[in-house]
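Numbers restart at 1 for each chain; the letters A, B, ... are given by sequence-line order, proteins then strands. Quick caveat: nothing in here was measured; it's all calculated off a predicted structure.
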Amino acid sequence: MRSIRLFLVASILAALILFNFVAALQGYQSSMREADTLFDNQMLDLARLVSNLDLSNASTRDLRLGNNLAFQIWSESQLLAASHNAPALPLQNFAPGFEYVNFEGYRWRTFTRYEVPLDRWVIVAERTDLRFVLAENVVLQSILPLLLGIPFVGLLIWIIVSHGLRPLQQLSDALRNKGANDLSPILSANSRIELDQVVESINGFIQRLDRVMEREKRFSADAAHELRTPMSALKIQLHNLSEEMDTKHESFQQLQEGVDRMQHLIEQLLSLYRATPEQFINNCETVDLYAITQDQLASSYPYFEVKEQNVELIGSSIEIEADKFALETLISNLLGNANKYTPRDGSIVVSIDDLGDEVCLKVEDNGPGIPEAEKSRVFDRFYRVAGSDGSSRPPGCGLGLTIVSHVADLHQARVEVKDSSFESGSAFCVYFKKKP
Amino acid sequence: MKAVVHSASTSRKNREMKKYLLTPLKTLSAVAVLCFAIAAWAATPEIELIIKDHLFFPAILEIPAGQKVRVRIINQDPTPEEFESFELNREKLVIGNGQTVIFIGPLEPGEYPFFGEFYPKTAQGVVIVK
Amino acid sequence: MFINSVILVLQEIIEAALLISVLLVFTNLFQKSWDKSFVLQTSWVGISIAIGVVGAAMYSYYTPQISEMFDYVGQEIFNASIHLLSLLLVCLFAFLVPSARLAKDVMGRAKFAAFCMTGIVMLAIVREGSEIIQYIGGIAGHEDNFTPVVLGGFIGAGIGVSTGVLLFYGLINLSVNWSFRISVGLLSLIAGNMGSQAVLLLTQADWLPFTPIAWNSSSALPENSIAGHLMYALVGYEATPSILQVSIYLLGIVLIVISPLFRKSWPLQHSLVGET
């Protein structure tokens, strides 16, 4: 993962440092060259001055210079005069011009000059180590701020880049904070030219998605609603037919079962699409999860009795915020599911646990259970788990768990499928947020 | 201020001793260059180059052309120095108050300047090959 | 004092910075294209720099003892060993990392690549770092020298690191193919330079025979010019290399060119780089 911010800050700072420092070096070198010329010119002047000294005067012969300078005056091979720090031997071969030499434990820059009218060789010398100290210190003073400024420039670039990237950050925050069902367009209050196209495209996608989902939802709800009337008519006709005909016929029994299943499917579809976020907010109230579960157990008791299943409810009274009708649908679907998939004589345990900040409603059975690979798919619409032998699939429409997960979503609750505490079977846990 | 190459006879005995102390590693590698080494070893003359007050003594080294020379660099300053020469293609650190050895040549006649990389303003010298 | 400090520090830092940049580009390339599950964290850089700095400090601490070893050529032997070990690691990296045998073991490949790169960078920093420590430690102790030397050190380090950063971002912003090819090319120059430096040091120590110089380009491009210093840092330029040095340099390049890494960057068949 590469960061835009790091790239911008690092490369801008690197370019800036490279340019500034190389420019500083260039400045340093040209300053030093200037200084070099200046010092050489001073030596020229000194040499001219020294060569015209009147050596008849004793005091001039014992001329004292600073420690960084030295001179000798030679005539033929005779040393006429010298500074106190000059050696007794000639500092250089008698050849005019600038040179370097080591003496007195230092390295010296020398200038040799021949004074024609007086027939003298003059050699002046200057210590190289001291020659540049002053000039260098002056130049370094101008380079120092460049270096000290780097942390501040770095910080400034960081702040500017962060500020520049803020609209991008805001956009990604807006997208992250969007709820799963929130299909409203993203607002771009402080839009940027560079991001306009992105925001526009995302909003276009959201709008299209919203329209498609709305259409699908309305179609399913409308279809279910429209099917109800002919379904009722069909039931009445079937009833009338049973009055007049021999109802013992096998085909008639199957017809009746088929019609019943279809009616169940239509009711399930309706309850799936009836629970909408808007309605949920209106119908939300404080309910006792234990009491509602108890009621639902009581009303579905006949189904358990038919299969001679052992049902148990563990827990105590606990309050949560919920839509009572939707919650009843959730519980009855979980119970119906357990009833359907648990064999005759099986056991079903419903428990309600207070987990501190959450309340867990758990329905577990000792049925065949759900294979690991299918656990994530059981909440899909019309998905049904095959029986253990692959053939004996209990009747159902495959919407029960979809409704459970839909209702749980509305309550901002989580649904998890686990293995039950029996030897086999599955456990469905719904974690509700506890009433604050 | 000129140093003339002198025979290394005084220090040869010393070197012979050290030869026996060579690690097996060096001995192994040395086998590859044995022919060169045997011929060149005893004949390699040695020059001393002293560093004092960030100056080279002598500042001018004279060596004969076509001859490999062992340069013993003795640093009498407390600070480290680095002997460097672009022309000789040599670079070697000499610790403060320490000494070291480098080999130069065989070289064509000419002038090969060298300098101390840590104090190049003062530490300057030249190898003159004749 | 100032300009010497700049040149010395810059030379050492820029070599390490270029090496790290090229290896970081490889890290980036592997993450991007080699294998989805080939996760190579960039944390190896931090680790190798840390170990390298500690190593450099230890090396400079023991320099007096090391330099007296092998009849005063201990430093050359030690540095040449570092160069040769780095060269070995570069070759292991170029030969084994893209090989089919490691391709099956994705985690193993990531670990091996990280091991090689950590080793190469660590060795480079031990060598370059110790030289900087020797210099700054020896010179800056003197009060008059402190400001120019430290200032010069920072300026040199700033230029070196900035060059590395710009090279890195320049390379990873190229297309995957070219980024890969140029990095492999630079790696071959690095390998050649490592070999040639080792030869130079061993010749200086008289462990390898003298060979005549291959060419003399000191008038066209002097080593002590700015361009010369830059070329030295980039490709190990020398104005008067010996024949043996040039041969080993070429050998280093050839080693990388015949490696599977190079073949991957210039596939014979027309196929995307990075497919395994």
Side-chain angles (χ1 to χ4, degrees), chain A residues 1-36 68 106-107 127-154 157-158 161, chain C residues 1-11 13-14 17-18 20-21 24-25 27-29 31-32 39-42 45 139 142-173 176 179 224-227 229-230:
Chain A
M1 290 278 273
R2 269 158 60 191
S3 153
I4 297 179
R5 186 199 311 247
L6 189 62
F7 163 62
L8 289 176
V9 173
S11 49
I12 291 173
L13 195 60
L16 198 74
I17 288 177
L18 199 61
F19 177 79
N20 264 338
F21 285 9
V22 170
L25 281 188
Q26 205 59 44
Y28 171 88
Q29 281 187 309
S30 53
S31 300
M32 290 316 255
R33 262 197 305 276
E34 285 295 311
D36 206 22
N68 60 328
Y106 297 108
R107 189 166 181 82
R127 263 172 66 181
T128 49
D129 56 333
L130 297 177
R131 187 173 156 97
F132 288 103
V133 167
L134 186 70
E136 187 169 85
N137 283 344
V138 171
V139 179
L140 290 187
Q141 289 307 315
S142 64
I143 292 178
L144 195 61
L146 278 181
L147 192 68
L148 295 179
I150 291 299
F152 298 101
V153 174
I157 291 175
W158 181 268
V161 167
Chain C
M1 263 0 292
F2 171 78
I3 201 78
N4 316 323
S5 174
V6 172
I7 290 172
L8 195 132
V9 173
L10 173 61
Q11 232 173 39
I13 294 274
I14 207 168
L18 292 180
I20 293 174
S21 293
L24 266 179
V25 171
T27 308
N28 196 276
L29 282 173
Q31 281 175 346
K32 205 189 286 184
V39 182
L40 191 52
Q41 298 300 332
T42 44
V45 183
I139 307 298
H142 202 278
E143 204 177 318
D144 290 346
N145 296 334
F146 185 79
T147 313
V149 167
V150 171
L151 197 62
F154 274 114
I155 298 276
I159 294 175
V161 172
S162 299
T163 311
V165 167
L166 290 179
L167 179 79
F168 171 71
Y169 279 117
L171 282 177
I172 62 167
N173 282 311
V176 172
S179 168
N224 57 347
S225 64
I226 289 178
H229 281 298
L230 198 69

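- A donor-acceptor pair under 3.5 Å links the side-chain atoms of C:S179 to the main chain of C:L171, judged by distance alone.
- Heavy-atom distances place no part of A:I150 under 4.5 Å from chain C, backbone and side chain included.
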Q.
Show, in sequence, the C-alpha distance, side-chain angles and deciding distance for C:L10 and C:H229, and conclude whether the side-chain contact (heavy atoms from CB on, under 4.5 Å) test is met.
A. CA-CA 9 Å; C:L10 173 61; C:H229 281 298; over 6 Å; no
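- For the atom pair CG (C:L8) and CD1 (C:I13), the distance works out to 10.0 Å, reported to the nearest 0.5 Å.
- In terms of heavy-atom pairs under 4.5 Å with chain A, the best-connected choice from C:N173, C:I3, C:V165 is C:I3.
- Residue A:I12: no heavy atom, backbone or side chain, is found under 4.5 Å from chain C.
- Interface remark: A:Y28 contributes side-chain atoms only to the contact with chain C (heavy atom separation under 4.5 Å).
- Side-chain contact between A:L18 and C:I159 is present, with at least one heavy-atom pair separated by less than 4.5 Å.
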